[in-house]
Amino acid sequence: MPVEQEGTATRGAFLEVLRNVPFLRLWSAQAISMTAQSMVNFAVIIFTERLTQSSFFTSLAVLSFTLPAVAVGTFAGVIVDRSNKARVLLISNLLRMVLMLGFFIAESEAPAALRLGVVFVLTAAFSVVSQFFGPAEAATIPLVVPRRYLLTANALFATTYNASLVLGLAVVGPLLASFLGLTRLWLVVAILYALSALLVARLPAGEVKLAENVQATGARARFHQLYWAPVRESWAFMIKHPAIRAATINLSLAATILLVVSTLGPGFVSRTLGRNPEDLSLVVLPASLGMLTGIILVGRVAAHVKPNRLIGFSMAGAGALLTLLATTQSWSEAIGQLLMGDSFDAAARGTFAIAGAMVAAYGLGVAHSFVTVPANTELQAETSEEMRGRVFASLFMIIGFLSMLPVLFAGALADIIGLTAVMVLVALLMVLTGAMTLRRGAHARKAAAP
């Protein structure tokens, strides 16, 4: 069923979903755990930037978030499909709470290389555990929300995701890092995960698909039957269904590009805008507010625009906005000179640059929501319950795989040719992706026409 037939995010639909107590518990747990995760991401990126002053090492920090998705992502989905979903959510939150205690070591007086290595290893372990939380959470949403309200539920989840991004990256994370230090930040994060664990403890378990009778002998044969065969089944399912395939491609590319921009963000703020890396909120906050604006509007727009057209135009528009962000210094200075003339001094130049970056970041946030919410809703609506955990785990794995080389390449290249040039290259990729999405949609409509 197409996304536009799943209902729109109207006021009545929002109220109906918000009366659903299990949904409220899952939604609250998502908001708390995502805020905690954003705080961890902020702290790790800032820790790395402070210690190394290198986009390359910041890229390695981002890769420590994403590499585990490639290693265990899809297999985690198999386990989720065969497990009590609420129990997976509970255990993953508890394990992440325990892992936070290990980050205290990074604040010791050990050599910088050792401290950085400890942070990367702990971050990777944290990401491994999160590979189980993500598919379990995505598979639980349709268990607590009727199909006709999926778009509304996903809009609310996207809202809290981006609100959590604001709180974690732009508000709570920077405040705790500035006033309490990173050591106490890890303790606060541990407490947040404990609270999230309490909220998910009694959610619906969902269908538990038992493992097939194991007839194979030997570790390799048993692994193939229990894990590799189900993984191949989920991949075949995603390739076979055009709607699933298109949603996966769009979500993967959107997430990959977002990771690249996140990698370059601290360097952009410090080297282009002339602020401290901790002032990343100057870009993150307006971008997140733009995402919230897009989420409010996407239900109404999706009711009148086909998903491929909405996603395609939004992706291309995001590329144009990223170009504006990358070249903020040039065009904001031109506007300042035009408006202020000879009184346009260095202080005014900095103010205009920051204002221009915030406007472009806000537009990027709106475009991002117009891509991810309809694609995510379609992926959930078109996937059966017994396959849903594996499909979302495969999505996370694809995102991790696609993001490895681009993120690493972008950071290293930024140190060589500059941040602006790399951001413009990423923007061109976004425009190309949007054009390809529009072309696929046009071909699909032409093929469906009588």
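What you are looking at is a predicted structure, and each value in this text was computed from that prediction instead of being measured.
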- Answer whether the closest heavy-atom distance between the side chains of M423 and L325 falls below 4.5 Å. yes
- Query: Which pair of non-hydrogen atoms, one from A201 and one from L90, has the smallest distance, and what is that distance?
  - Reply: CB-CD1, 4.4 Å
- So, S130 side chain and F126 main chain: donor-acceptor pair closer than 3.5 Å or not? yes
- Item | Exam field: side chain S369 to backbone G294, donor-acceptor pair closer than 3.5 Å | no
- Sidechain-backbone polar pair: S127 side chain, T123 backbone, donor-acceptor under 3.5 Å: no
- Worked verdict on L60 versus T48 for side chain to side chain contact (heavy atoms under 4.5 Å, CB included): CA-CA 9 Å; L60 293 182; T48 305; over 6 Å; no
- Item | Shortest non-hydrogen contact between A136 and K85, atoms and distance | CB-O, 4.1 Å
- Message: If the test is side chain to side chain contact (heavy atoms under 4.5 Å, CB included), which one of V145, N20, L203 qualifies with L26?
- Response: L203
- CD1 (I191) and CD1 (I32) are apart, to the nearest 0.5 Å, by 12.0 Å
- Message: Rounded at 0.5 Å granularity, tell me how far CG in L195 sits from OG1 in T35.
- Response: 11.0 Å
- Check S314 against V371 and note the closest heavy-atom contact, atom names and distance. CB-CG2, 3.7 Å
- Item | Residues Y193, L95; criterion side chain to side chain contact (heavy atoms under 4.5 Å, CB included); working and verdict | CA-CA 9 Å; Y193 277 120; L95 287 175; over 6 Å; no
- So CG of L364 and NE2 of H368: to nearest 0.5 Å the spacing works out to 9.5 Å
- Note on the structure: On a heavy-atom basis, the closest approach of A29 and V200 is CB-CG1, 3.3 Å
- Heavy-atom pair with the smallest gap, counting every atom of M430 and G319: CB-CA, 3.8 Å
- Query: Can any side-chain N or O of N93 pair as donor or acceptor with the backbone N or O of S33 at less than 3.5 Å?
  - Reply: no
- Query: Would V17 and W27 satisfy side chain to side chain contact (heavy atoms under 4.5 Å, CB included), going step by step from the backbone distance to the final call?
  - Reply: CA-CA 11 Å; V17 170; W27 188 34; over 6 Å; no
- Between V88 and F132 the two heavy atoms that sit nearest each other are CG1-O, 3.5 Å
- Message: What's the separation between atom CE in M358 and atom CG in L289, rounded to the nearest 0.5 Å?
- Response: 8.5 Å
- Query: Heavy-atom distance under 4.5 Å between the side chains of L94 and M97, does that happen here?
  - Reply: yes
- Check the pair L185, M39 against side chain to side chain contact (heavy atoms under 4.5 Å, CB included), reporting the backbone distance first and the verdict last. CA-CA 8 Å; L185 183 147; M39 291 166 63; 4.2 Å; yes
- Any side-chain heavy-atom pair from F313 and V305 closer than 4.5 angstrom? no
- Pairwise distance CG(L99) to CH2(W186) - rounded to 0.5 angstrom: 11.5 Å
- Message: For the CZ atom on R25, are there more than 12 heavy atoms of other groups (residues, nucleotides or ligands in this structure) within a distance under 6.0 Å?
- Response: yes
- Query: Looking at residues at least two apart in the chain, or sitting in another chain, which of them share a side chain to side chain contact (heavy atoms under 4.5 Å, CB included) with L180?
  - Reply: L176, R184
- Atom OG of S196 and atom CZ of R96: how far apart are they, to the nearest 0.5 Å? 7.0 Å
